[in-house]
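Nothing fancy with the numbering, it's 1 onward along the sequence.
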Amino acid sequence: MAYVLIALLGIIVGGVINMLADDLPHRRRVQFPPRYPDLSPRPPSAWLGLTAYLFNKRVAPSGAKLNWRYPATELLTAGLMLLALFSTENDPKMTGLQFAFWLIYMAIFTLITVIDLEHRLILFVVVIPSYVVALIDAATTGYGADLGEAILGALVGFGVFFLLYMGGFLFTYILGKLNGRQITEVAFGYGDVMLITLSGLVLGWQPLIATMFITVFLGAFGAILYLIVRRLAGRHYSLFTPLPYGQYIVIATVLMLLFSTEVTAILFRPGV
């Protein structure tokens, strides 16, 4: 029964995330009821992406359609919340309050990922309130990182990724000079710096070290996979095509939040 309730909660929260992802990147006031892409209101049977597809309500009278992102976001949110439940059901130290914070993190990370993939933006209006949530978690629950460890984790994450962010500017400047043209894209955006800072607050400094390692590995793997897919599809690829990086930070953070013992054992076992 707990899994069913969490799944339903995740789907409903996913619907809210879809509304936020529609409006926040455009600096619009979040609108209710949810809207079609032409901004016309959706009927109650289409407030969720899943029900819009199920009841054939994904098309507005003007012809504007809800795309696959809407049900996918709801399923992703529900899946992450179920994963959080699975990872904690045999943990005697897990409290109801801490689990509530974890569910909030799953929603936050889903929202960040959806917006970053669609717009290549990690919004301060999402990240800054998330800092407050993480600080309250560290100060009140006593389960993971305490307040000092969380703040140190934030400082470590910000410091390392800020250096990478500035190094990206230097790298592209040098390459631009060598190639005789200006290159405006960098490997890390400042939003990625702010996101890894959130990861540090959520995890604390020690799990963050493994998180950054996993992030870099996933980023490299994702870039190689992207190149292979583009090549197989016969599409052109520019060396400096920007790729969203936030999802790799999110994946690594969720892994270390929910399965830190197992991941650490794999990464740092003897012989690795």
Side-chain angles (χ1 to χ4, degrees), residues 80 83-84 87-88 91-95 97-113 116 122-124 126-168 186-222 244-272:
L80 287 175
L83 195 63
S87 70
T88 61
D91 187 348
K93 296 181 180 179
M94 177 57 60
T95 65
L97 178 61
Q98 182 64 75
F99 184 66
F101 276 111
W102 281 21
L103 293 183
I104 293 170
Y105 293 146
M106 297 305 105
I108 290 170
F109 289 138
T110 301
L111 176 60
I112 288 172
T113 301
D116 191 35
I122 296 175
L123 302 176
F124 277 36
V126 176
V127 174
I128 299 302
S130 301
Y131 290 172
V132 177
V133 173
L135 286 169
I136 294 172
D137 177 10
T140 60
T141 58
Y143 178 85
D146 61 27
L147 189 58
E149 291 169 339
I151 293 174
L152 182 56
L155 293 174
V156 170
F158 180 88
V160 171
F161 267 56
F162 186 76
L163 289 175
L164 292 173
Y165 171 69
M166 297 304 296
V186 293
F188 292 93
Y190 194 74
D192 298 317
V193 179
M194 300 303 288
L195 178 54
I196 200 69
T197 304
L198 173 61
S199 298
L201 284 173
V202 170
L203 298 172
W205 73 272
Q206 288 181 313
L208 183 70
I209 303 301
T211 300
M212 291 189 290
F213 175 83
I214 297 169
T215 296
V216 173
F217 173 79
L218 290 176
F221 178 78
Y245 204 81
Q247 72 271 18
Y248 304 122
I249 300 174
V250 166
I251 293 171
T253 302
V254 169
L255 284 174
M256 288 304 298
L257 179 66
L258 303 184
F259 304 105
S260 60
T261 302
E262 294 83 353
V263 173
T264 302
I266 292 172
L267 291 178
F268 302 108
R269 72 176 185 267
V272 173

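- Contact between Gly246 and Asp192 at its shortest, heavy atoms only, is N-OD1, 3.6 Å.
- We find the CE-CG distance between Met106 and Leu83 to be 8.0 Å, quoted to the nearest 0.5 Å.
- Within the 4.5 Å cutoff, side-chain heavy atoms of Ile112 are placed close to those of Leu198.
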Less than 3.5 Å apart, which donor and acceptor atoms pair up between the side chains of residues 206-214 and the rest of the protein, not counting sequence neighbours?
| residue | atom | partner | partner atom | Å |
| --- | --- | --- | --- | --- |
| Thr211 | OG1 | Pro207 | O | 2.9 |

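- Distance OG1/Thr113 to CD1/Ile108: 11.5 Å, rounded to 0.5 Å.
- Shown here are the ring-ring contact (aromatic ring centres under 6.0 Å, His included) partners of Phe158, two or more places apart in sequence or in another chain: Phe162.
- Closest of all the heavy-atom pairs between Phe109 and Val254 is CD1-CG2, 3.8 Å.
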Check the pair Thr215, Tyr245 against side-chain contact (heavy atoms from CB on, under 4.5 Å), reporting the backbone distance first and the verdict last. CA-CA 9 Å; Thr215 296; Tyr245 204 81; 3.4 Å; yes
Could you go through Thr110 and Leu80, starting from their C-alpha distance and side-chain angles, then the distance that decides it, and tell me whether this counts as side-chain contact (heavy atoms from CB on, under 4.5 Å)? CA-CA 8 Å; Thr110 301; Leu80 287 175; 3.3 Å; yes
Would you give me the side-chain donor-acceptor pairs under 3.5 Å for residues 128-138, sequence neighbours excluded?
| residue | atom | partner | partner atom | Å |
| --- | --- | --- | --- | --- |
| Ser130 | OG | Val126 | O | 2.7 |
| Tyr131 | OH | Met194 | O | 2.7 |
| Asp137 | OD1 | Gln98 | NE2 | 3.3 |
| Asp137 | OD1 | Thr141 | OG1 | 2.8 |
| Asp137 | OD2 | Gln98 | NE2 | 3.4 |
| Asp137 | OD2 | Tyr105 | OH | 2.6 |

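- Contact check for Leu255 versus Glu262: no side-chain heavy atoms found under the 4.5 Å cut-off.
- In this structure the side chain of Val250 reaches within 4.5 angstrom of the side chain of Leu195, judged on heavy atoms.
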If you apply the rule side-chain contact (heavy atoms from CB on, under 4.5 Å), what do you find for Glu149 with Asp146, and how did you get there? CA-CA 5 Å; Glu149 291 169 339; Asp146 61 27; 3.3 Å; yes
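- Side-chain contact between Trp102 and Leu258: present, with at least one pair of heavy atoms (C-beta onward) separated by less than 4.5 Å.
- The shortest distance between side-chain heavy atoms of Phe99 and Tyr143 does not fall below 4.5 Å.
- In terms of heavy atoms, Ile249 sits closest to Ser199 at CG2-OG, 3.6 Å.
- Of all heavy-atom pairs spanning Ala145 and Gly204, the tightest one is CB-CA, 3.6 Å.
- A heavy-atom distance below 4.5 Å is not found between the side chains of Met166 and Val193.
- Rounding to the nearest 0.5 angstrom, the gap separating the CZ atom in Phe101 from the OG1 atom in Thr95 is 9.0 Å.
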